[in-house]
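Scroll down for the structure; my scribbles are underneath it.
The analysis underlying the following values was restricted to heavy atoms, covering all of them including side chains, and did not include hydrogens, waters or symmetry mates. For this chain, numbers begin at 1 and follow the sequence in order.
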Amino acid sequence: MNLHLALTPLVSLVAGILILVMPRLLNYIVAIYLIVIGLIGLFGTGNMFR
């Protein structure tokens, strides 16, 4: 069975859940999310999940 998992939607889902659970951490969660998405865009995921 071949399962393809995209990293960007997974990071978005985790960030959304954290914002719902801990709204006081909104600034940090958004900052970390933007950094992670930027790094994924620059370097790509390669063959990490294949």
Task: Residues which pass side-chain contact (heavy atoms from CB on, under 4.5 Å) with Val36, listed by chain and number, not counting sequence neighbours - done: Val11, Ile32, Ile40

Task: Partner residues of Leu39 under the side-chain contact (heavy atoms from CB on, under 4.5 Å) criterion, sequence neighbours left out - done: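 Counting only residues at least two positions away or on another chain, Leu39 forms a side-chain contact (heavy atoms from CB on, under 4.5 Å) with Ile35, Phe43.
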
Task: Residues forming a side chain to side chain donor-acceptor pair (under 3.5 Å) with Thr8, sequence neighbours excluded - done: none

Task: Qualifying residue for side-chain contact (heavy atoms from CB on, under 4.5 Å) with Ile17, from Leu20, Val14, Val21 - done: Val21

TODO: First locate atom CG of Leu18, then atom OH of Tyr33, and finally report the distance between them rounded to the nearest 0.5 Å.
DONE: 13.0 Å

Open item on the list: Distance check, rounded to the nearest 0.5 Å: Ile19 atom CD1 versus Asn27 atom CG?
Closed with: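 Those atoms lie 9.5 Å apart.
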
